[in-house]
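Only one structure is covered here, and it is reproduced in the block below.
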Amino acid sequence: MAAKPSAPKNGQASEASRLSDMYLNDNETIIDLIQYGPVAKSIVALLGKARGQPITIGVHGDWGAGKSSVLAMVQEGLKDEPKTLCLRFNGWTFQGFDDAKLVMLESIVTEIRAARPGIKKVGEHVEKLIKRIDWLKVAKHAGGLGLSVATGVPLPEHLATLTSIVKSLAAEPTGDAATKLVEQAKGFLKEAPADAKSNVPEEIQGFRQEFKKLLSEAGIERLVVLVDDLDRCLPGTIVETLEAIRLFLFVDNSAFIIAVDEAMVEYAVRQHFPDLPGGAGAGSYARNYLEKLIQVPFRIPALGPAETRTYISLLLLQAQLPPAEFDPFLAAAKQALEKPWASRGLDRAAVEAIKVTDATVVDQAFTLATQLTGLLNDGTNGNPRQVKRFLNSILLRESIAEARGFKAAIERPVLAKIMLLERFAPDQYNDLVKWVAASATGVLAELDQLEKSIGAPEAAAPKEAAGTITQWTKEPAAMAWLALDPKVGGKDLRPYMFITRDKRAFSGAAISLGHLEPLIERLCSGEFVAAGEEPAVAKLVGPEAKAVFNELRDRVLAAKDWITRPAGLYGLGLVAKHHVGLQALLIELLRTRPLKQLGAWVPSGWDSAITQPEAKAAFRKLVSEWSTQTENKGLQAAAKNRLQTLN
């Protein structure tokens, strides 16, 4: 939900404070700007139809698709049901804990106690369950006893009884790990549940029975656990959390709604079961695992053009209008999107009768939405978070212009158009920066002429020439940008280049890469430091991984030569290792470097970074090419030796 405007001093609010108030919060919300409410209502209705049977529901979607908001709406829809307890578990919050599975069990059990503080028997059952969880902690850490890959606890065929193991461990500890467990083991012998079972599977069943009693004593006819942010976690945490649900908590009167990107779960399963056969078998197993766990999947679709137009308009209106004036626009949007396939979304015609204090706010919102919808919908693949971040970057730059004292020189529609070029046609944007910098006035006559020629056959287009704006006629993205309103060729573009030229300080990269900058710096700090960041690299998702890859690629390309390994290249390999879709880009980077600038080290050291079959074949072909060239003898000799190990 957008921040509320602060009270102005002396009855006046500065333009800078207004812009600051327009920051678009990226947290989940129960205010439905993109018609996800029907999904949440359908989930709530499905819970009622389960009639006490355990159920797991998946809310699937890409990073930033709005999964967390759907969970928030589900929670809101259940808040008035007295015999329903709705809890949220954020897997990312417990990422660093030793055993995410046991942490989840403990968290849910203690939250039930907190929700029913006045019932004595609830407390008693909770204490019993906590002891069982402690029992499992000892089981998991009881030295080299052979752990089940699936559950993370000892298999019965490996263990006679946990009690005998702990007694032996306490009597004759061997090794550091065993020594550390002695006190915990002794505590287990004293505090173990009276009905502690002889092996782990029986103890799991005992936990489930005790958990059912807890729900009954607490008067909970339906426990709903909302599991969020799993796709931000490392593979082990993802699998452990899902296993906790399947093994321990999947009992009558329980429901789990899991918001996660299916692709990340499949990746996590493949990583957690490294001995699965390669090829289609591993992928099929991962898919089957997810389908077995999640009974009912809901896939959040990407936004279409009508929905993107409506979303942009509502975000800007919500940020600037008081709730009483904003609510009619929200109602109009709901009506406009009843049949999104036959609608342009929320437009001026739908809101003509709505009265507001400042009509300029409405006019600007709809102008910007019309301008941005086409390219922004295609460029972000209809992703709400990326749409919101783009808008935030516009507002940030306006705020910077205000602080620097040249806000009057910036028109928001022009700024938005320049930023669209920067975002979706970066090569042409870089050309534009150079041409504006070389202009005495900042006005580009060729750009003006080319814009006017779009859609006007009678207007003579400027003759194409290499190195000038007219070469853009061969670039579809640039031509689509030229067709957008407003026309910018007749304007002084120097203020816009100033506010957008430094990507690291001012651009949308400050929004999209801000939280990733420390990681990028460490990945450029030498192999030893970069290697320590491998877990963080592995948990990058979607656009984050590609953004880090692109930033590292830019940095290594800036190196004068590659006679020695440039800073950042090892980190680049780590990103490719864990995000296999980027391996082709890594090979292309190696291929495009001038041969004379490559050191003899280049053909080696890529085994862990290049693992995808097509990428491995492409790398072998590249090494073969290096082995036959004669321009760089050192590289040739190294490539010939490397080629022998690739055969």
Side-chain angles (χ1 to χ4, degrees), residues 234-235 263-287 523 527 530-531 533-557 559 562-566 568-595 597-632 634-647:
L234 295 174
M264 285 304 299
V265 174
E266 293 181 26
Y267 172 76
V269 172
R270 288 195 297 269
Q271 294 296 307
H272 200 69
F273 294 88
D275 295 329
L276 287 174
S284 299
Y285 182 91
R287 170 60 63 175
L523 290 175
E527 183 172 338
E533 296 303 317
E534 186 165 356
V537 169
K539 73 177 182 181
L540 293 173
V541 294
E544 290 183 325
K546 190 169 184 180
V548 171
F549 184 94
N550 288 340
E551 180 67 11
L552 291 172
R553 178 173 58 184
D554 288 346
R555 296 196 185 192
V556 299
L557 283 173
W562 286 15
I563 301 304
T564 58
R565 186 191 296 267
L569 198 58
Y570 180 81
L572 200 65
L574 284 181
V575 178
K577 172 184 177 180
H578 291 283
H579 305 277
V580 295
L582 299 173
Q583 292 182 10
L585 296 179
L586 175 59
I587 295 170
E588 186 62 22
L589 173 65
L590 297 174
R591 183 185 300 279
T592 56
R593 298 303 295 161
L595 290 173
Q597 295 182 10
L598 297 180
W601 61 271
V602 174
S604 303
W606 301 105
D607 289 350
S608 64
I610 301 175
T611 57
Q612 199 259 353
E614 290 81 1
K616 290 174 70 174
F619 179 69
R620 189 188 184 285
K621 181 179 179 182
L622 177 59
V623 174
S624 178
E625 293 172 1
W626 285 338
S627 71
T628 57
Q629 56 82 33
T630 57
E631 187 176 348
N632 185 331
L635 176 65
Q636 181 188 41
K640 286 181 178 179
N641 291 334
R642 182 72 179 99
L643 201 58
Q644 294 177 2
T645 65
L646 291 175
N647 289 333

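Numbers here simply count residues along the sequence, with the first being 1. Bear in mind that the values here come from a model prediction, so they are computed numbers and not experimental data.
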> Between L557 and R593, is a side chain to side chain contact (heavy atoms under 4.5 Å, CB included) present by the stated rule, with each step listed?
Replying inline: CA-CA 9 Å; L557 283 173; R593 298 303 295 161; 3.4 Å; yes
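Contact between N632 and L598 at its shortest, heavy atoms only, is ND2-O, 2.8 Å. A pairwise comparison of heavy atoms in A609 and G573 identifies CB-O, 3.4 Å as the closest pair. The heavy-atom pair separating P566 from V556 by the smallest distance is CG-CB, 4.3 Å. Smallest separation of non-hydrogen atoms from S627 and K640: O-CE, 3.3 Å. What you find for A576 and L586 is that their closest heavy atoms are CB-CD2, 3.9 Å.
In this structure a side-chain-to-backbone donor-acceptor pair under 3.5 Å is missing from W606 to I587. Between the side chain of H579 and the backbone N or O of V537 there is at least one donor-acceptor pair closer than 3.5 Å. In this structure a side-chain-to-backbone donor-acceptor pair under 3.5 Å is present from W601 to I563. For Q597 (side chain) and W562 (main-chain N/O), no donor-acceptor pair under 3.5 Å exists by modelled atom type. The closest donor-acceptor contact from the side chain of Q629 to the backbone of W626 lies under 3.5 Å.
A 4.5 Å side-chain heavy-atom check between T611 and Q583 finds at least one atom pair inside the cut-off. L589 is not listed as a side-chain neighbour of F549, based on a closest heavy-atom distance of 4.5 Å or more. Here the side chains of F619 and L590 are in contact, with some heavy-atom distance below 4.5 Å.
Note that OG1 of T628 is 7.5 Å distant from CD of Q636, once rounded to the nearest 0.5 Å. Separation of atoms CG (N550) and CG (L582) is listed at 8.0 Å; rounding is to 0.5 Å. Rounding to the nearest 0.5 angstrom, the gap separating the CZ atom in R553 from the CG atom in L585 is 5.5 Å. Atoms CD and CG, on E527 and L569 in that order, are 10.5 Å from each other to the nearest 0.5 Å.
No option in R642, R620, K577 other than R642 meets the salt bridge (Lys or Arg N to Asp or Glu O under 4.0 Å) test with D607.
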